[in-house]
Amino acid sequence: MSITKICCIGAGYVGGPTMAVIAKQCPHIRVTVVDLNEARIAAWNDSDVTKIPVYEPGLSEVVAEARGRNLFFSTDVDGAIDEAEMVFISVNTPTKTYGAGKGQAADLKWIELCARQIARVSTTDKIVVEKSTLPVRTASTLKDILSHTGSGASFQILSNPEFLAEGTAVDDLLRPDRVLIGGDQSEEGRAAIGSLVEVYANWVPRERILTTNVWSSELSKLTANAFLAQRVSSINSLSELCEHTEADVSEVSRAIGTDSRIGPKFLKASVGFGGSCFQKDILNLVYIARTYGLQEVADYWEQVIIMNDHQKRRFAGRIIRTLYNTVNGKKIAFLGWAFKKDTNDTRESAAIYVADHLLLEQAELSVYDPKVPVQQVYTDLDYLATRSSDENKSLLKVVNDPYEACRDAHAVAVLTEWDEFRDYDWQRIYDNMLKPAHVFDGRNILDRAKLEAIGFKVKAIGS
Ligand code: NAD
Ligand code: UDX
């Protein structure tokens, strides 16, 4: 079947950019992105295209080109499902916060609601595409729900996990390393896979479009994130050893990354990985392994998370130790709150946990991030429920000027690797800080020699 109408349920960090790029590259396909969240849809439709709810380099240009032509954002979920031949499910699948599997399993409530809604409103056959990251074997649940509609419509279920990284989403979508499509190995299943291959083939070279059975596709997504996160935890574990041995973790990364079997990417030691995916997906993998009784497999992958939590705590601990074992009443400036540069997303950002540790010690924090809205910082901290919202507001201030954030501070901590931090007038920052003035570079982005020449005491991760 040649696809002419696509619906995507979920206008978030994946649904929005992914569909915008499909619409840009396929002007002959009408793409409608729907969401229950009215404010989010209104923001995607804002006449000022810089106000769309997801900040990604290049995304507003893509939206400006396709929106109103063949890209639409709407809250009419039923209508968009019914008119589409292909429905992507791109809703959130967070870690469960209640009941069985609490703290580990993926909460599939929203996925199931989507399946039931598709079943209820469909009057014609459809290809349903899992775009959300899902536990292996979720497609059988979807199939079960969809095959009991009674409407006479029939459904094929494909798994098409998304590999974009935030901050580089548009580029990743335009030039993916690969697109993965898993489906039933029946004749109908293979036809459905073919329809989705044709959509991507409008701009992705065919040799980069991999097809597999549906279970391999589902499991490959969790596996890819587990491998990537494992690299970060591996290098972070060695950063601690470097700090005790005068080895420098950046030099170690370079030395091992030039081995073509290891490769240079994902070897940057940091204050800890964040983002909505790595932790959630590994916890999910751990949970699935335990469900099958695979204790050693579960323990192996759980260690990646344990190391990441340790790294965040360790960074805060080093700040406290260096500031003479007390930060009570001391002002510490945070440069960066997003979980990585070039995104306004703060989900699971290391900054949240480092802030929480320091606030437990009664530090006074002053936070600057170029893209994160003020309220988001408080929402992130309040969500931890460590202290009252009023206490968070009195101990932590969010400011919109980095120099103001650092004024009269004892220390500056770099939590996100925003490029602009390198270009600041560090002499001016130093002049306005209390002495001795400390810098804790949680991303290893600053020029240490330059800072030390100014007079800063510098501590970077892994050296
Ligand atoms: P998100 O929270 O930004 O967006 C999900 C959206 O779905 C929300 O706007 C929510 O209102 C909407 N929604 C939920 N239930 C709905 C329903 N029944 N009907 C209509 N709308 C509904 O999440 P995200 O970051 O876009 O992630 C979506 C999925 O993609 C997750 O499974 C995630 O693991 C996966 N993923 C995310 C990334 C990433 O970088 N963020 C990358 C690859 C895969
Ligand atoms: C990740 C996967 O990369 C992507 O393929 C998947 O679709 C979604 O999850 P994302 O979380 O958006 O993407 O960003 P990523 O670039 O993977 O970074 C994740 C975290 O790891 C960030 O906090 C980043 O700062 C950290 N990181 C990454 C390091 O600390 N060191 C590195 O070398 C690389």
Side-chain angles (χ1 to χ4, degrees), residues 7-19 33-41 43-44 53-54 56 73-78 80-81 88-95 106-118 130-135 138 160-169 172-173 176-177 221-222 224-229 231-236 239 249 253 257 264-282 284 308 311-312 336 338-343 345-351 415-417 442-445 461:
C7 161
C8 174
I9 310 179
Y13 281 86
V14 167
T18 309
M19 292 302 129
V33 192
V34 291
D35 205 294
L36 297 170
N37 183 331
E38 288 179 14
R40 213 164 202 184
I41 291 297
W44 280 110
V54 172
E56 279 288 339
F73 294 92
S74 164
T75 49
D76 177 13
V77 185
D78 287 1
I81 292 173
F88 285 78
I89 302 181
S90 190
V91 300
N92 36 321
T93 50
T95 306
D107 193 341
L108 298 182
K109 177 175 124 183
W110 292 276
I111 294 287
E112 185 171 334
L113 284 172
C114 286
R116 290 186 184 280
Q117 191 159 9
I118 296 169
E130 298 174 347
K131 182 53 100 179
S132 297
T133 303
L134 297 171
T138 306
N160 172 222
E162 185 47 61
F163 294 100
L164 69 79
E166 292 182 27
T168 52
D172 294 344
L173 288 163
D177 285 345
K221 176 63 197 177
L222 293 184
N225 275 350
F227 268 59
L228 290 168
R231 279 176 73 97
V232 179
S233 274
S234 294
I235 199 69
N236 280 346
S239 72
V249 78
S253 291
K265 295 184 179 168
F266 266 74
L267 287 179
K268 281 198 206 87
S270 68
V271 55
F273 61 74
S276 62
C277 293
F278 280 179
Q279 173 166 304
K280 156 178 89 69
D281 293 348
I282 293 180
N284 190 4
N308 197 49
Q311 188 75 348
K312 292 181 273 189
F339 81 97
K340 63 185 284 199
K341 73 172 181 179
D342 292 337
T343 177
D345 195 349
T346 65
R347 288 176 288 180
E348 291 301 328
S349 180
L415 276 304
T416 312
E417 73 280 24
R443 295 290 184 164
N444 290 356
I445 56 165
I461 294 278

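Just follow the structure's listing: the first ligand is 1, and inside any ligand the first atom is 1. Model, not experiment: these values are computed from the prediction.
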Novice: Got Tyr13 and Pro53 here, is their nearest side-chain heavy-atom distance under 4.5 Å?
Specialist: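 Tyr13 does not reach Pro53 side chain to side chain.
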
Novice: Which parts of the protein, at residue level, reach under 4.0 Å of ligand 1 through a heavy atom?
Specialist: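 Lining ligand 1: Ile9, Gly10, Gly12, Tyr13, Val14, Asp35, Leu36, Asn37, Arg40, Ser90, Val91, Asn92, Thr93, Trp110, Cys114, Ser132, Thr133, Glu162, Leu164, Glu166, Lys221, Ser276, Cys277, Lys280, Arg347.
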
Novice: What I want to find out is whether Arg347 reaches Glu166 closely enough, with some N-O distance under 4.0 Å, to be called a salt bridge.
Specialist: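 Yes, charged N to carboxylate O under 4.0 Å.
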
Novice: Can a donor-acceptor pair be found between the side chains of Ser233 and Gln311 at a distance below 3.5 Å?
Specialist: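 The criterion, which ignores hydrogens and geometry beyond distance, is not satisfied for Gln311 and Ser233.
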
Novice: Side chains of Gln279 and Asn308: any donor to acceptor distance under 3.5 Å?
Specialist: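 Their side chains do not contain a donor-acceptor pair, so the 3.5 Å distance test is not met.
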
Novice: List ligand 2's nitrogen or oxygen atoms that come under 3.5 Å of a protein nitrogen or oxygen, with the partner atom and distance.
Specialist:
unit_1: ligand 2; atom_1: 5 (O); unit_2: Phe163; atom_2: O; d: 2.8
unit_1: ligand 2; atom_1: 7 (O); unit_2: Glu162; atom_2: O; d: 3.2
unit_1: ligand 2; atom_1: 7 (O); unit_2: Phe163; atom_2: O; d: 3.4
unit_1: ligand 2; atom_1: 7 (O); unit_2: Leu164; atom_2: O; d: 2.7
unit_1: ligand 2; atom_1: 7 (O); unit_2: Lys221; atom_2: NZ; d: 2.8
unit_1: ligand 2; atom_1: 12 (O); unit_2: Glu166; atom_2: N; d: 2.8
unit_1: ligand 2; atom_1: 14 (O); unit_2: Lys340; atom_2: NZ; d: 3.3
unit_1: ligand 2; atom_1: 16 (O); unit_2: Lys340; atom_2: NZ; d: 2.7
unit_1: ligand 2; atom_1: 23 (O); unit_2: Gly274; atom_2: N; d: 2.9
unit_1: ligand 2; atom_1: 23 (O); unit_2: Phe339; atom_2: O; d: 2.8
unit_1: ligand 2; atom_1: 25 (O); unit_2: Arg443; atom_2: NH1; d: 2.6
unit_1: ligand 2; atom_1: 30 (O); unit_2: Ser270; atom_2: OG; d: 2.6
unit_1: ligand 2; atom_1: 31 (N); unit_2: Lys268; atom_2: O; d: 2.8
unit_1: ligand 2; atom_1: 33 (O); unit_2: Leu267; atom_2: N; d: 3.3
unit_1: ligand 2; atom_1: 33 (O); unit_2: Lys268; atom_2: N; d: 2.8

Novice: Heavy-atom distance under 4.5 Å between the side chains of Glu130 and Asn160, does that happen here?
Specialist: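 No, their side chains stay 4.5 Å or more apart.
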
Novice: More than 12 heavy atoms of other residues, nucleotides or ligands under 6.0 Å from NZ of Lys268: is that the case?
Specialist: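 Result for NZ/Lys268: open.
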
Novice: Among Thr93, Val91, Ile89, find the one that has a side-chain contact (heavy atoms from CB on, under 4.5 Å) with Trp110.
Specialist: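 The side-chain contact (heavy atoms from CB on, under 4.5 Å) with Trp110 is passed solely by Val91 among Thr93, Val91, Ile89.
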
Novice: Do NZ/NE/NH1/NH2 and the carboxylate oxygens of Asp107 and Lys109 come within less than 4.0 Å?
Specialist: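 No, this pair does not count.
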
Novice: Is Lys341 salt-bridged to Glu417, cutoff N-O under 4.0 Å?
Specialist: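 Not counted as a salt bridge, because no side-chain N and carboxylate O are separated by less than 4.0 Å.
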
